[in-house]
Chemist: 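The following block contains the structure, expressed as structure tokens.
Below, chain A is the first sequence line, B the second, and so on; all start at residue 1. All values below come from the heavy atoms of this structure, side chains included, with hydrogens, waters and symmetry mates left out.
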Amino acid sequence: MAKIKAIRGMNDILPDQTPVWQYVESTVRKVLGQYGYQEIRMPIVEQTELFKRSIGEVTDIVEKEMYTFEDRNGDSLTLRPEGTAGCVRAAEEHGLLFNQTRRLWYTGPMFRHERPQKGRYRQFHQIGVECFGMAGPDIDAELLILTARLWSALGLTGHARLEINSIGTSESRKVYREALVAYLQQYKDRLDEDSQRRLETNPLRILDSKDPATREVLVNAPVLDDYLDEESRNHFSQLKALLDAAGVAYTVNPALVRGLDYYGKTVFEWITDSLGAQGTICAGGRYDGLVQQLGGKPTDAVGFAMGIERLILLLETLELVPDYVNNQADIYVTAMGDIATAPALALAEDLRTAMPSAVVVGHCGGGSFKSQMKKADRSGARYAVILGENEIRNQTAGLKPLRDDQPQREVPQAELAAELAKLV
RNA sequence: GUGGACGUAGCUCAGCUGGUAGAGCUCAGGAUUGUGACUCCUGCGGUCGAGGGUUCGAACCCCUUCGUCCACCCCA
């Protein structure tokens, strides 16, 4: 019988991995909380139509990467490939957007049927942040300042660079797209294969082609900046001024376009060079038209998503995960022989009551005393508490430091908690 | 979807021109009646990813398939 294995590209996150996940999630939670952002939780499955209408019919995501299936009643449902669409749907559906401003965030798994590689999986996890009802560049700036603070909290400052661009309103972008396509059509045979295809699918993507011949053609191509409407241009220059004032470094990348149709005006990416091909750890932009497009009232909006796997990969590559994150135990309580089992359980409970934040691991499962000490060592605990016949007779416990050369002491059981509280 | 590399013990990997499976780590026990980390000894542990073919004989050669990794595409 062949063993059943996990689905390709969908990974188990094992016990030695969960501490760093919790570390990242709690850090993000803390920083977002500082800015007054509220958490929202949406279903993982939505009507397929939601993603088609928001992400765009001709994007790769919708065309070939969605996990779409029929519900038992015949409805077409899809495992969410990203969070913005569902967030907008939920917020609109429950009246969270009308005549008010909102700062929301969420986290959870997303699903895209792509070929897995480093930093890219079929089930992956994002932390998404979405802001509604704020038209000005101040909220764009707040989001970027917030991410900069998050990098600082994680020790990542200097390891990711910020690229920004303005792709204008959908109207001005449409005019530009036509001009670009018209220009490139003249040199179609000089473009690389991928870019020829992109002429039909996603012309703006050709701008960051790596092919030398294509790059040569692009030298004289129309520039998006020349086609920007006045409002987008002002918005962008104000944003740059706000970032300058806040001390957030950035570079303007005119070739930066986003893959999802709903973006307009501000777009940005935080990129690292330490992860190979999948170097974008955080990306987003403004999507003022989406709420209306999904049937709501016109509502300005801006947001971004971070890839948690990529963030963790980066932290581990740079060895930035603090040691305390992986420490499993503070105190390990041994029990020598059957006679010590009940007293050891009771003593460990006393310790937990007296030191609520300490991790007190009690030995279970028998084994020689030697092996118990070995496990105490492996647990990472700073102190071993030793309970055997002698200690029980004397109402004491052995207190043995495991991380320095201090000698072992005999402490009355009644005083042990107070004694350890001083040390841990 | 395309290209390349790779699948051998729980983990990291050796295994020569084809001759019948190895090491280190981990784990258990011992040297040390009740004391971890260092050392030494012993032991547990494998359908060599799966299926087929060639051969007296395949972990090794051939085909198919599944999976992993990296890159392209695309994206977090």
Side-chain angles (χ1 to χ4, degrees), chain A residues 1-9 11 14 16 55 58-65 81-84 107-129 160 192-195 197-198 201-202 205 208-211 257-260 268-272 275-284 303-314 332 334-337 339-340 363 365-392 398-405 407-408 410:
Chain A
M1 254 269 262
K3 272 188 196 164
I4 295 175
K5 302 208 288 188
I7 305 300
R8 178 174 206 188
N11 301 310
L14 300 175
D16 65 342
I55 298 169
V58 295
T59 57
D60 275 20
I61 292 178
V62 168
E63 276 187 336
K64 47 193 186 192
E65 294 177 359
E82 57 104 45
T84 301
T107 184
M110 309 292 165
F111 302 84
R112 293 181 199 171
H113 191 105
E114 300 179 274
R115 187 89 162 249
Q117 71 184 73
K118 184 175 185 178
R120 189 169 75 188
Y121 311 100
R122 288 184 173 179
Q123 173 175 332
F124 60 104
H125 298 77
Q126 288 187 334
I127 293 158
V129 177
D192 62 282
E193 205 179 312
D194 281 328
S195 293
R197 179 177 50 77
R198 284 185 285 217
T201 57
N202 196 350
R205 274 273 159 203
D208 56 10
S209 168
K210 290 152 199 152
D211 183 76
V257 296
R258 312 257 40 256
L260 285 52
F268 56 84
E269 286 187 15
W270 287 93
I271 302 165
T272 174
L275 288 185
Q278 259 59 47
T280 301
I281 54 172
C282 173
F304 66 78
M306 288 181 292
I308 302 183
E309 282 86 351
R310 290 183 186 179
L311 222 40
I312 287 173
L313 222 42
L314 182 59
Y332 195 97
T334 65
M336 232 180 304
I339 192 173
H363 181 85
S368 66
F369 181 55
K370 188 189 179 75
S371 74
Q372 294 194 28
M373 286 305 294
K374 211 168 189 168
K375 288 200 167 91
D377 184 43
R378 293 287 158 86
S379 75
R382 287 168 60 198
Y383 295 93
V385 170
I386 293 162
L387 265 194
E389 264 182 66
N390 298 340
E391 286 79 5
I392 288 166
L399 175 53
K400 174 159 182 159
L402 296 173
R403 306 299 155 202
D404 57 43
D405 287 331
Q408 178 175 335
E410 289 299 308

Chemist: Of the nucleotides rC74(B), rC73(B), rA76(B), which one has an atom closest to the side chain of Ala305(A)?
Modeler: rA76(B)
Chemist: Mind jotting down which residue pairs meet the salt bridge (Lys or Arg N to Asp or Glu O under 4.0 Å) criterion with at least one end in residues 108-125 of chain A? Sequence neighbours excluded, please.
Modeler: Glu114(A)-Arg120(A)
Chemist: How would you list, by chain and number, every residue that makes a side chain to side chain donor-acceptor pair (under 3.5 Å) with Thr107(A), sequence neighbours excluded?
Modeler: none
Chemist: Does rA71(B) have OP1 or OP2 sitting under 4.0 Å from an N or O in the side chain of Gln117(A)?
Modeler: yes
Chemist: Name the residue closer to the 5' end of RNA chain B, choosing between Phe369(A) and Ser209(A) according to the nucleotide with the nearest heavy atom.
Modeler: Phe369(A)
Chemist: Starting at CG of Asp60(A) and ending at C1' of rC72(B), how long is that distance when rounded to a whole Å?
Modeler: 12 Å
Chemist: Looking for any heavy atom pair under 4.0 Å, which part of the strands does Arg198(A) touch: base, sugar-phosphate only, or nothing?
Modeler: sugar-phosphate
Chemist: Within the modelled atom types, does a donor on one side and an acceptor on the other bring the side chain of Lys400(A) and the base of rU35(B) under 3.5 Å apart?
Modeler: yes
Chemist: Looking only at side-chain N and O atoms, does Lys375(A) come under 4.0 Å of OP1 or OP2 in rC27(B)?
Modeler: no
Chemist: Which whole number of Å gives the distance between the C1' atom of rC13(B) and that of rA21(B)?
Modeler: 14 Å
Chemist: Provide, to the nearest angstrom, the distance between the CG atom belonging to Asp16(A) and the C1' atom belonging to rG10(B).
Modeler: 13 Å
Chemist: Distance alone, cut at 3.5 Å: any donor-acceptor contact between the side chains of Gln117(A) and Gln278(A)?
Modeler: yes
Chemist: Check Arg310(A) against Gly119(A) and note the closest heavy-atom contact, atom names and distance.
Modeler: NE-O, 2.7 Å
Chemist: Quote, to the nearest angstrom, the C1' distance that separates rU8(B) from rA50(B).
Modeler: 14 Å
Chemist: Among pairs that include at least one residue of residues 376-385 of chain A, which meet salt bridge (Lys or Arg N to Asp or Glu O under 4.0 Å), considering only residues two or more places apart or in two chains?
Modeler: Asp377(A)-Arg403(A)
Chemist: Could you tell me whether Tyr121(A) contacts a base, only the sugar-phosphate backbone, or nothing, with contacts defined as non-hydrogen atoms closer than 4.0 Å?
Modeler: base
Chemist: Take atom NZ of Lys374(A) and atom P of rG36(B), then tell me their distance rounded to the nearest Å.
Modeler: 9 Å
Chemist: Is there a donor and acceptor pair closer than 3.5 Å between the side chain of Arg120(A) and the base of rC74(B)?
Modeler: yes
Chemist: Confirm from the modelled atom types if Arg8(A) and rU68(B) form a donor-acceptor pair under 3.5 Å, side chain to base only.
Modeler: no
Chemist: So which atom in Pro81(A) and which in Ile61(A) form the shortest heavy-atom distance, rounded to 0.1 Å?
Modeler: CB-CG2, 3.7 Å
Chemist: For rG15(B) and rG24(B), measure between their C1' atoms and round to the nearest Å.
Modeler: 15 Å
Chemist: Suppose you measure atom P in rC11(B) against the same atom in rG49(B); what distance do you get, rounded to whole Å?
Modeler: 13 Å
Chemist: Could you measure the distance from the CZ atom of Arg205(A) to the CZ atom of Arg258(A)? Nearest 0.5 Å is fine.
Modeler: 7.0 Å
Chemist: Whole angstrom is fine here: how far is it from CG in Leu314(A) over to P in rA76(B)?
Modeler: 17 Å
Chemist: For the side chain of Gln123(A) and the backbone of Asn11(A), is there at least one donor-acceptor N/O pair under 3.5 Å apart?
Modeler: no
Chemist: Counting any heavy atom closer than 4.0 Å, what does Gly119(A) reach on the DNA or RNA strands: base, sugar-phosphate only, or nothing?
Modeler: base
Chemist: With sugar-phosphate meaning primed atoms plus P, OP1 and OP2, does Ile127(A) contact a base, only sugar-phosphate, or nothing at under 4.0 Å between heavy atoms?
Modeler: nothing
Chemist: Remember a base hit wins even if backbone is also touched, and classify Asn390(A) as base, sugar-phosphate or nothing at under 4.0 Å, heavy atoms.
Modeler: base
Chemist: For a quick check of understanding: with a heavy-atom distance under 4.0 Å over all strands, which category does Arg112(A) fall into, base, sugar-phosphate or nothing?
Modeler: base
Chemist: Touch check for Leu402(A), heavy atoms < 4.0 angstrom, all strands: base, sugar-phosphate only, or nothing?
Modeler: base
Chemist: Give the nucleotide from the list rU26(B), rA71(B), rG34(B) with an atom nearest to the side chain of Ala277(A).
Modeler: rA71(B)
Chemist: Which value, in whole Å, describes the distance between the P atoms of nucleotides rA58(B) and rC16(B)?
Modeler: 16 Å
Chemist: Check this one for me: any side-chain N or O of Arg115(A) less than 4.0 Å away from OP1 or OP2 of rC69(B)?
Modeler: no
Chemist: Determine the contact category for Ser371(A): base if any of its heavy atoms lies under 4.0 Å from a base atom, sugar-phosphate if only primed atoms, P, OP1 or OP2 are that close, otherwise nothing.
Modeler: sugar-phosphate
Chemist: For Arg122(A) and rA76(B), what is the distance between atoms CZ and P respectively, to the nearest whole Å?
Modeler: 17 Å
Chemist: Separation of Gln372(A) atom CD from rG29(B) atom P, in whole Å?
Modeler: 10 Å
Chemist: What is the nucleic acid contact for Ala376(A), judged by heavy atoms within less than 4.0 Å: base, sugar-phosphate only, or nothing?
Modeler: nothing
Chemist: With sequence neighbours left out, what residues match Ile271(A) under side chain to side chain contact (heavy atoms under 4.5 Å, CB included)?
Modeler: Arg161(A), Glu163(A), Glu269(A), Thr280(A)
Chemist: Identify whether any heavy atom of Glu65(A) sits under 4.0 Å from a base atom; if not, whether one sits that close to sugar-phosphate; answer base, sugar-phosphate or nothing.
Modeler: sugar-phosphate
Chemist: Can you tell me which stems RNA chain B forms, taking runs of 3 or more consecutive Watson-Crick or G-U pairs with both distances under 3.5 Å?
Modeler: B:1-7 with B:66-72, B:10-13 with B:22-25, B:27-31 with B:39-43, B:49-53 with B:61-65
Chemist: Assign Glu193(A) to base, sugar-phosphate, or nothing according to its heavy-atom contacts below 4.0 angstrom with the strands shown.
Modeler: nothing
Chemist: Regarding Gly279(A), tell me which of base, sugar-phosphate or nothing describes its non-hydrogen contacts under 4.0 Å with the strands shown.
Modeler: nothing
Chemist: Measure the distance from CZ on Arg197(A) to C1' on rC74(B) and round it to the nearest whole Å.
Modeler: 9 Å
Chemist: According to a strict under-4.0 Å criterion, is Lys370(A) in side-chain N/O contact with OP1 or OP2 of rG34(B)?
Modeler: no
Chemist: Without decimals, in angstroms, what is the distance between Ile61(A) CD1 and rC74(B) P?
Modeler: 12 Å
Chemist: Could you tell me whether the side chain of Arg310(A) has a donor or acceptor atom within less than 3.5 Å of a complementary atom in the base of rC75(B)?
Modeler: yes
Chemist: When the P atoms of rG53(B) and rA14(B) are compared, how many Å lie between them, rounded to an integer?
Modeler: 30 Å
Chemist: So what does Thr334(A) touch, heavy atoms closer than 4.0 Å: a base, only the sugar-phosphate, or nothing?
Modeler: nothing
Chemist: Where do Leu387(A) and Ala340(A) come nearest, in terms of heavy atoms and distance?
Modeler: O-CB, 3.6 Å
Chemist: For Asp194(A) and Arg378(A), find the nucleotide of RNA chain B closest to each by heavy atoms; which residue's nucleotide sits nearer the 5' end?
Modeler: Arg378(A)
Chemist: In whole angstrom, give me the gap between the C1' atoms of rC60(B) and rG18(B).
Modeler: 6 Å
Chemist: Looking at Arg258(A), I'd like to know whether one of its side-chain N or O atoms comes within less than 4.0 Å of OP1 or OP2 on rC74(B).
Modeler: no
Chemist: Mind checking what makes side chain to side chain donor-acceptor pair (under 3.5 Å) contact with Glu391(A), not counting sequence neighbours?
Modeler: none
Chemist: Ignoring hydrogens and angles, answer whether the base of rU35(B) and the side-chain atoms of Gln408(A) contain a donor-acceptor pair closer than 3.5 Å.
Modeler: yes
Chemist: Using the C1' atom on both, measure rU2(B) against rC74(B) and round to a whole Å.
Modeler: 13 Å
